[in-house]
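Positions are given from 1, in the same order as the sequence printed here.
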Amino acid sequence: MARIFINYRPVDAAGHAASLHEELAARFGEENVFIDVERMHAGSDSREAALDAVAASDVFLAIIGPRWLLPGPSGLRRLDDPDDYVRREIEAALKRDVRLIPVLVEGARMPRPDELPGPLRPLAQRHALEIRDSASLLDIENVRKLLAAVERAVQPTAAPDSSASDDRLSDLL
């Protein structure tokens with residue numbers, strides 16, 4: 001089962017999630033990184049599969065973009081819905097004491113406790129990493145910081161090829 005879980009809203013951070021997934025999979029192995037579109041099997045219960053992956057994870061990346069707290073199409077904030085998948089996954093990570101790293105993208109700020117539903121308030125106390133971007137591309141230095149933070153909790157399946165990683169990171173800029 002995946003050891004690194006990537007949580008995000010497609011409308012807010014799909015490009016960042018895909019780029020991070022690619023980098024993490026190259027470093028830790030595809031089988032060790034869970035991202036919804038890559039790891040869900042046709043016909044599976046997506047809710048159960050995601051929660052099982054959270055339970056098996058060592059690291060949970062909550063990618064937070066500038067629209068993360070805003071209302072959805074219904075006019076209500078998605079995070080206020082107990083059935084919202086982003087909320088359910090973060091709650092599960094917090095309950096299981098999975099190392100949860102908020103990743104701020106596109107200039108997003110860390111939410112304050114009073115902006116979060118009760119069960120998510122501990123998220124506001126987690127130290128976040130910011131990935132600045134230029135024309136929607138990730139910056140190398142902050143991605144390296146994120147990889148180092150993940151590596152402290154998850155050992156790579158093989159010795160990382162830093163030159164290949166640097167080449168991929170350069171391609172992102």
Side-chain angles (χ1 to χ4, degrees), residues 1-21 23-25 27-28 32-36 39 46-72 74-133 136 138-156 169:
M1 191 53 80
R3 296 177 61 198
I4 304 165
F5 191 99
I6 300 173
N7 169 275
Y8 70 102
R9 284 201 192 286
V11 69
D12 206 29
H16 293 284
S19 295
L20 285 172
H21 172 258
E23 187 64 32
L24 291 164
R27 172 141 323 176
F28 298 100
N32 288 312
V33 183
F34 183 94
I35 189 167
D36 60 353
R39 300 297 296 269
S46 61
R47 291 172 56 144
E48 289 303 314
L51 293 178
D52 289 346
V54 171
S57 295
D58 297 311
V59 177
F60 184 100
L61 302 178
I63 302 177
I64 300 172
R67 295 170 295 282
W68 196 75
L69 284 172
L70 296 180
S74 70
L76 302 175
R77 285 187 343 155
R78 292 177 178 153
L79 283 180
D80 292 326
D81 178 357
D83 274 341
D84 174 57
Y85 71 93
V86 167
R87 176 180 171 158
R88 278 195 327 270
E89 293 166 2
I90 292 172
E91 278 185 45
L94 289 168
K95 283 180 187 172
R96 289 174 174 82
D97 201 28
V98 174
R99 181 181 302 246
L100 194 156
I101 302 172
V103 180
L104 306 175
V105 299
E106 296 185 29
R109 64 169 179 77
M110 194 63 188
R112 295 184 319 268
D114 65 326
E115 294 177 302
L116 297 170
L120 296 188
R121 288 193 177 138
L123 172 68
Q125 306 309 316
R126 302 293 172 115
H127 179 71
L129 289 174
E130 181 180 3
I131 297 180
R132 297 177 307 268
D133 55 67
S136 299
L138 305 175
D139 66 296
I140 292 175
E141 190 57 36
N142 285 323
V143 171
R144 283 188 180 136
K145 288 178 186 176
L146 178 59
L147 291 174
V150 171
E151 201 162 61
R152 284 191 284 278
V154 179
Q155 294 301 311
L169 290 174

Closest approach of [X] and [Y], non-hydrogen atoms and distance?
{"X": "A93", "Y": "L100", "result": "CB-CD1, 4.0 Å"}
{"X": "F5", "Y": "A50", "result": "CE1-O, 3.4 Å"}
{"X": "M110", "Y": "L104", "result": "N-CD1, 3.8 Å"}
{"X": "D80", "Y": "P82", "result": "O-CD, 3.4 Å"}
{"X": "P102", "Y": "H127", "result": "CD-O, 3.4 Å"}
{"X": "A108", "Y": "G65", "result": "CB-C, 3.4 Å"}

Report yes or no: does [X] contribute a side-chain atom to a donor-acceptor pair with the main-chain N or O of [Y] at less than 3.5 Å?
{"X": "R3", "Y": "N32", "value": "no"}
{"X": "R88", "Y": "D83", "value": "yes"}
{"X": "R67", "Y": "V11", "value": "yes"}
{"X": "R99", "Y": "D58", "value": "no"}

Quiz item: Can you check side chain to side chain contact (heavy atoms under 4.5 Å, CB included) on Y85 and R78, steps first, answer last?
Solution: CA-CA 9 Å; Y85 71 93; R78 292 177 178 153; over 6 Å; no

Taking only residues two or more places apart in sequence or in another chain, which ones pass salt bridge (Lys or Arg N to Asp or Glu O under 4.0 Å) with [X]?
{"X": "R96", "result": "none"}
{"X": "D81", "result": "none"}
{"X": "D97", "result": "none"}

Practice problem: Hey, could you give me the CD1/CZ distance between I6 and F60, rounded to the nearest 0.5 Å? | Solution: 10.5 Å

Quiz item: Roughly how far, to the nearest 0.5 Å, is CD1 of I35 from CG of L24?
Solution: 9.5 Å

Self-check item: side chain to side chain contact (heavy atoms under 4.5 Å, CB included) between R126 and I101, intermediate numbers included
Solution: CA-CA 7 Å; R126 302 293 172 115; I101 302 172; over 6 Å; no

